[in-house]
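Here is the structure we will look at.
Throughout, residue positions are numbered sequentially from 1 according to the sequence presented.
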Amino acid sequence: MNPLPEDWVCGYVADMPELKIPRRGLMLVLSSPSGAGKTTIARALLGRDSGIAMSVSCTTRPKRPEEKEGRDYHFIDETAFDRQAREGAFLEHAKIFGNRYGTPKVAVENALKAGRDLLFDIDWQGNRALKKLVGDDLVSVFILPPSMETLDHRLRARAQDAEDVVRKRMARAEDEISHWDEFDYLIVNENLEESVEAVHAILKAERLRRTRQTDLPDFVCRSRKS
(Lines give C-alpha, C1' and ligand atoms only; values in the text may rest on other atoms or scores of the structure.)
Protein backbone atom coordinates (compact mmCIF):
# COMPACT_ATOMS: atom_id res chain seq x y z
CA MET A 1 0.00 0.00 0.00
CA ASN A 2 1.32 3.44 -0.94
CA PRO A 3 3.28 5.59 1.50
CA LEU A 4 2.48 9.26 2.05
CA PRO A 5 3.56 11.36 -0.94
CA GLU A 6 6.63 13.55 -0.41
CA ASP A 7 5.10 16.58 -2.14
CA TRP A 8 2.29 17.38 0.29
CA VAL A 9 1.84 21.16 0.46
CA CYS A 10 -1.00 22.83 2.40
CA GLY A 11 -3.22 19.80 2.12
CA TYR A 12 -2.86 19.05 -1.57
CA VAL A 13 -0.28 17.37 -3.80
CA ALA A 14 1.37 18.53 -7.00
CA ASP A 15 -0.58 16.13 -9.20
CA MET A 16 -3.92 17.29 -7.75
CA PRO A 17 -4.05 20.96 -8.89
CA GLU A 18 -7.82 21.11 -8.44
CA LEU A 19 -7.35 21.25 -4.64
CA LYS A 20 -6.10 24.82 -4.33
CA ILE A 21 -7.70 25.74 -1.00
CA PRO A 22 -5.84 24.43 2.06
CA ARG A 23 -7.94 21.92 3.97
CA ARG A 24 -7.87 19.60 6.92
CA GLY A 25 -7.33 15.93 6.14
CA LEU A 26 -10.01 13.31 6.68
CA MET A 27 -10.11 9.80 8.08
CA LEU A 28 -11.84 7.36 5.72
CA VAL A 29 -12.95 4.16 7.45
CA LEU A 30 -13.68 1.02 5.45
CA SER A 31 -15.30 -1.70 7.52
CA SER A 32 -16.94 -5.00 6.67
CA PRO A 33 -17.26 -8.60 7.77
CA SER A 34 -14.18 -10.66 6.94
CA GLY A 35 -14.41 -11.76 3.32
CA ALA A 36 -16.74 -8.98 2.12
CA GLY A 37 -13.97 -7.30 0.13
CA LYS A 38 -12.83 -4.23 2.06
CA THR A 39 -9.11 -5.08 1.79
CA THR A 40 -9.33 -5.49 -1.99
CA ILE A 41 -11.30 -2.25 -2.29
CA ALA A 42 -8.80 -0.44 -0.08
CA ARG A 43 -5.84 -1.55 -2.18
CA ALA A 44 -7.58 -0.54 -5.39
CA LEU A 45 -8.42 2.88 -3.96
CA LEU A 46 -4.85 3.46 -2.83
CA GLY A 47 -3.62 2.45 -6.27
CA ARG A 48 -5.72 5.02 -8.10
CA ASP A 49 -5.63 7.98 -5.70
CA SER A 50 -2.26 9.34 -4.60
CA GLY A 51 -3.97 11.73 -2.19
CA ILE A 52 -4.72 9.09 0.44
CA ALA A 53 -2.48 6.71 2.38
CA MET A 54 -3.14 3.77 4.65
CA SER A 55 -3.10 4.39 8.37
CA VAL A 56 -0.77 1.76 9.78
CA SER A 57 -2.09 0.17 12.97
CA CYS A 58 -0.21 -1.70 15.66
CA THR A 59 -1.12 -5.35 16.19
CA THR A 60 -0.07 -8.37 18.22
CA ARG A 61 -1.14 -10.65 15.35
CA PRO A 62 1.70 -12.70 13.78
CA LYS A 63 2.95 -11.32 10.47
CA ARG A 64 1.76 -13.17 7.39
CA PRO A 65 4.28 -14.07 4.65
CA GLU A 66 3.10 -11.37 2.24
CA GLU A 67 3.00 -8.61 4.84
CA LYS A 68 5.69 -6.02 5.57
CA GLU A 69 6.47 -4.29 8.85
CA GLY A 70 5.48 -0.63 8.70
CA ARG A 71 3.47 -1.03 5.52
CA ASP A 72 0.65 -3.34 6.57
CA TYR A 73 1.02 -3.15 10.37
CA HIS A 74 3.45 -2.38 13.14
CA PHE A 75 3.88 -5.84 14.63
CA ILE A 76 4.50 -5.69 18.39
CA ASP A 77 4.19 -8.09 21.31
CA GLU A 78 1.61 -8.01 24.12
CA THR A 79 3.97 -6.27 26.53
CA ALA A 80 4.66 -3.40 24.15
CA PHE A 81 0.99 -3.11 23.27
CA ASP A 82 0.00 -2.95 26.95
CA ARG A 83 2.57 -0.25 27.61
CA GLN A 84 1.45 1.90 24.69
CA ALA A 85 -2.21 1.49 25.66
CA ARG A 86 -1.47 2.61 29.24
CA GLU A 87 0.47 5.62 27.95
CA GLY A 88 -2.47 6.69 25.79
CA ALA A 89 -0.63 6.16 22.52
CA PHE A 90 -3.72 4.80 20.73
CA LEU A 91 -6.78 6.66 19.51
CA GLU A 92 -8.63 3.37 19.82
CA HIS A 93 -7.74 -0.26 20.37
CA ALA A 94 -9.64 -3.54 20.40
CA LYS A 95 -9.19 -7.28 20.62
CA ILE A 96 -10.36 -9.32 17.61
CA PHE A 97 -10.04 -13.11 17.31
CA GLY A 98 -7.54 -13.12 20.15
CA ASN A 99 -5.29 -10.45 18.61
CA ARG A 100 -5.06 -6.80 19.57
CA TYR A 101 -5.15 -3.81 17.22
CA GLY A 102 -4.54 -0.13 17.94
CA THR A 103 -4.53 3.14 15.99
CA PRO A 104 -1.47 5.34 16.76
CA LYS A 105 -2.62 8.78 17.95
CA VAL A 106 0.26 11.13 17.12
CA ALA A 107 0.70 9.97 13.51
CA VAL A 108 -2.99 10.48 12.77
CA GLU A 109 -3.20 13.91 14.40
CA ASN A 110 -0.13 15.13 12.51
CA ALA A 111 -1.50 13.87 9.19
CA LEU A 112 -4.87 15.59 9.63
CA LYS A 113 -3.26 18.91 10.56
CA ALA A 114 -1.10 18.70 7.44
CA GLY A 115 -4.15 18.09 5.24
CA ARG A 116 -3.40 14.44 4.56
CA ASP A 117 -6.14 11.85 4.09
CA LEU A 118 -5.82 8.49 5.83
CA LEU A 119 -7.56 5.19 5.15
CA PHE A 120 -8.54 2.91 8.03
CA ASP A 121 -9.39 -0.79 7.98
CA ILE A 122 -11.17 -1.25 11.32
CA ASP A 123 -14.29 -2.92 12.69
CA TRP A 124 -17.47 -1.30 14.01
CA GLN A 125 -16.04 -1.02 17.52
CA GLY A 126 -13.06 0.94 16.23
CA ASN A 127 -15.33 3.10 14.10
CA ARG A 128 -17.54 3.90 17.10
CA ALA A 129 -14.54 4.76 19.27
CA LEU A 130 -12.97 7.00 16.63
CA LYS A 131 -16.26 8.78 15.94
CA LYS A 132 -16.52 9.80 19.59
CA LEU A 133 -12.97 11.13 19.55
CA VAL A 134 -12.62 12.85 16.19
CA GLY A 135 -16.18 13.70 15.13
CA ASP A 136 -16.44 15.18 11.65
CA ASP A 137 -12.86 14.22 10.76
CA LEU A 138 -14.23 10.70 10.26
CA VAL A 139 -16.07 9.41 7.18
CA SER A 140 -17.21 5.80 7.53
CA VAL A 141 -18.18 3.28 4.86
CA PHE A 142 -19.54 -0.20 5.56
CA ILE A 143 -19.07 -2.86 2.88
CA LEU A 144 -21.82 -5.48 2.71
CA PRO A 145 -21.65 -8.83 0.88
CA PRO A 146 -24.50 -9.50 -1.59
CA SER A 147 -25.69 -12.30 0.73
CA MET A 148 -24.51 -14.42 3.64
CA GLU A 149 -24.22 -17.36 1.25
CA THR A 150 -21.84 -15.35 -0.93
CA LEU A 151 -19.81 -14.39 2.13
CA ASP A 152 -19.52 -18.01 3.23
CA HIS A 153 -18.40 -19.01 -0.28
CA ARG A 154 -15.75 -16.25 -0.39
CA LEU A 155 -14.33 -17.25 2.99
CA ARG A 156 -14.01 -20.88 1.94
CA ALA A 157 -12.69 -20.04 -1.54
CA ARG A 158 -9.71 -18.12 -0.24
CA ALA A 159 -8.63 -21.20 1.77
CA GLN A 160 -6.83 -19.20 4.47
CA ASP A 161 -8.70 -20.48 7.51
CA ALA A 162 -9.63 -23.78 9.08
CA GLU A 163 -13.29 -24.83 9.19
CA ASP A 164 -13.78 -23.75 12.81
CA VAL A 165 -12.33 -20.31 12.02
CA VAL A 166 -14.68 -19.92 9.05
CA ARG A 167 -17.64 -20.71 11.31
CA LYS A 168 -16.43 -18.13 13.85
CA ARG A 169 -16.02 -15.51 11.13
CA MET A 170 -19.54 -16.17 9.84
CA ALA A 171 -20.95 -15.87 13.36
CA ARG A 172 -19.06 -12.62 13.87
CA ALA A 173 -20.30 -11.34 10.51
CA GLU A 174 -23.89 -11.48 11.77
CA ASP A 175 -22.96 -9.26 14.70
CA GLU A 176 -20.92 -6.84 12.56
CA ILE A 177 -23.70 -6.40 10.01
CA SER A 178 -26.14 -5.55 12.83
CA HIS A 179 -24.17 -2.30 13.29
CA TRP A 180 -24.69 -1.12 9.70
CA ASP A 181 -26.62 1.97 10.80
CA GLU A 182 -23.59 3.41 12.65
CA PHE A 183 -21.87 4.15 9.34
CA ASP A 184 -22.24 7.16 7.02
CA TYR A 185 -22.35 5.12 3.80
CA LEU A 186 -23.20 1.53 2.86
CA ILE A 187 -22.03 -0.26 -0.29
CA VAL A 188 -23.09 -3.74 -1.38
CA ASN A 189 -19.98 -5.27 -2.92
CA GLU A 190 -21.52 -7.24 -5.76
CA ASN A 191 -19.24 -5.79 -8.44
CA LEU A 192 -15.72 -4.92 -7.32
CA GLU A 193 -15.04 -2.15 -9.85
CA GLU A 194 -18.35 -0.45 -9.08
CA SER A 195 -17.63 -0.68 -5.36
CA VAL A 196 -14.21 0.92 -5.78
CA GLU A 197 -15.73 3.70 -7.88
CA ALA A 198 -18.36 4.31 -5.21
CA VAL A 199 -15.79 4.60 -2.42
CA HIS A 200 -13.67 6.91 -4.57
CA ALA A 201 -16.68 9.12 -5.26
CA ILE A 202 -17.36 9.37 -1.52
CA LEU A 203 -13.76 10.36 -0.87
CA LYS A 204 -13.74 13.06 -3.54
CA ALA A 205 -17.04 14.51 -2.35
CA GLU A 206 -15.96 14.58 1.30
CA ARG A 207 -12.76 16.42 0.39
CA LEU A 208 -14.94 19.27 -0.87
CA ARG A 209 -17.01 19.54 2.30
CA ARG A 210 -17.05 23.19 3.34
CA THR A 211 -15.97 22.55 6.92
CA ARG A 212 -12.76 20.79 5.80
CA GLN A 213 -11.51 23.69 3.69
CA THR A 214 -9.76 25.66 6.41
CA ASP A 215 -8.90 28.69 4.25
CA LEU A 216 -12.31 28.94 2.58
CA PRO A 217 -13.56 32.10 4.37
CA ASP A 218 -10.39 34.00 3.43
CA PHE A 219 -10.50 32.61 -0.10
CA VAL A 220 -14.08 33.82 -0.56
CA CYS A 221 -13.20 37.26 0.83
CA ARG A 222 -10.22 37.58 -1.50
CA SER A 223 -12.33 36.46 -4.46
CA ARG A 224 -15.05 39.05 -3.72
CA LYS A 225 -12.49 41.83 -3.49
CA SER A 226 -10.66 40.92 -6.69
How close do P33 and L151 get, counting heavy atoms only, and between which atoms?
CB-CD2, 4.0 Å
What heavy-atom pair brings P104 and F90 nearest, and what distance separates the two atoms?
N-CD2, 4.1 Å
Given side chains that start at C-beta, do those of I96 and R172 come closer than 4.5 Å, heavy atoms only?
yes
V139 side chain near R207 side chain, heavy-atom distance below 4.5 Å:
no
Assess whether a salt bridge exists between D117 and R23, defined as any Lys/Arg side-chain N lying under 4.0 Å from an Asp/Glu carboxylate O.
yes
Test item: R83 and R86 side chains (from C-beta on) under 4.5 Å apart, heavy atoms:
yes
Is the closest side-chain donor-acceptor distance between Y185 and E206 under 3.5 Å?
yes
If you group Ile, Leu, Val, Met, Phe, Trp and Tyr by side-chain heavy-atom gaps below 4.5 Å, do V56 and I122 land in one group?
no
Tell me, do W124 and F142 make a side-chain contact under 4.5 Å, heavy atoms counted?
no
Only counting residues at least two apart or in another chain, list the ones meeting side-chain hydrogen bond (donor to acceptor under 3.5 Å, both in side chains) with E193.
R48
Do L138 and L133 touch side chain to side chain, with heavy atoms closer than 4.5 Å?
no
Spacing of S195 atom OG and L45 atom CG [to the nearest 0.5 Å]:
12.0 Å
Inter-residue atom distance D136.CG - M27.CE, 0.5 Å rounding:
12.0 Å
Tightest non-hydrogen contact, residues E176 and S34, listed as OE1-N, 4.1 Å
Heavy-atom check, side chain of Y101 versus side chain of C58, under 4.5 Å:
no
Flag the pair D72 and R61 as a salt bridge only when some basic side-chain nitrogen lies within less than 4.0 angstrom of an acidic carboxylate oxygen.
no
Could you check whether atom CG of D82 has more than 12 heavy atoms from other residues, nucleotides or ligands sitting under 6.0 Å from it?
yes
Shortest non-hydrogen contact from D137 to G25?
OD1-O, 4.1 Å
Among V196, I41, L144, T40, whose side chain to side chain contact (heavy atoms under 4.5 Å, CB included) with N189 holds?
I41
If you group Ile, Leu, Val, Met, Phe, Trp and Tyr by side-chain heavy-atom gaps below 4.5 Å, do L46 and I187 land in one group?
yes
Where do E67 and P62 come nearest, in terms of heavy atoms and distance?
OE1-O, 4.3 Å
Check this for me, if you would: do E78 and R100 make a salt bridge, where the nitrogen-to-carboxylate-oxygen distance has to be below 4.0 angstrom?
yes
Listed partners of Q213 passing side-chain hydrogen bond (donor to acceptor under 3.5 Å, both in side chains), at least two apart
none
Evaluate T60 against D77 for side chain to side chain contact (heavy atoms under 4.5 Å, CB included), listing each step before the verdict.
CA-CA 5 Å; T60 60; D77 59 25; over 6 Å; no
For the pair L28 and L118, evaluate side chain to side chain contact (heavy atoms under 4.5 Å, CB included) and give the outcome as yes or no after the intermediate values.
CA-CA 6 Å; L28 180 64; L118 294 176; over 6 Å; no
Would you say the side chain of W180 lies within less than 4.5 Å of the side chain of L186, judging by non-hydrogen atoms?
yes
Can a donor-acceptor pair be found between the side chains of H179 and E182 at a distance below 3.5 Å?
yes
Could you tell me whether the side chain of H74 reaches within less than 4.5 Å of the side chain of T59, counting heavy atoms only?
no
At what distance, to the nearest 0.5 angstrom, does CG of D121 lie from NZ of K38?
4.5 Å
Check K204 with D49, please: is the shortest side-chain N to carboxylate O separation under 4.0 Å?
no
Can you tell me how far apart CD (E66) and CZ (R71) are? Round to the nearest 0.5 Å.
8.0 Å
Okay, side chain of D123, backbone of G126: is any donor-acceptor separation there less than 3.5 Å?
yes
Output for pair (F120 CZ, S57 OG), nearest 0.5 Å, gives 7.5 Å
When you look at M148 and I177, which way does the side chain to side chain contact (heavy atoms under 4.5 Å, CB included) test go after all the steps?
CA-CA 10 Å; M148 295 306 288; I177 291 173; 3.7 Å; yes
Look at atom NZ of K63 and say whether more than 12 heavy atoms of other residues, nucleotides or ligands are closer to it than 6.0 Å.
yes
Start with the C-alpha gap between L130 and L91, add the side-chain angles, then the distance that decides, and say whether side chain to side chain contact (heavy atoms under 4.5 Å, CB included) holds.
CA-CA 7 Å; L130 285 180; L91 275 174; 3.7 Å; yes
Could you list the donor-acceptor pairs under 3.5 angstrom formed between side-chain atoms of residues 105-113 and any protein atom two or more places apart in sequence or on another chain?
from	atom 1	to	atom 2	distance (Å)
K105	NZ	G88	O	3.2
N110	ND2	V106	O	3.4

For a quick check under 3.5 Å, do D184 and S140 share a side-chain donor-acceptor pair by atom type?
yes
When every non-hydrogen atom of P145 is compared with those of V188, the smallest separation belongs to O-CG1, 4.1 Å
Separation between CG (L119) and CZ (R43), nearest 0.5 Å, reads 11.5 Å
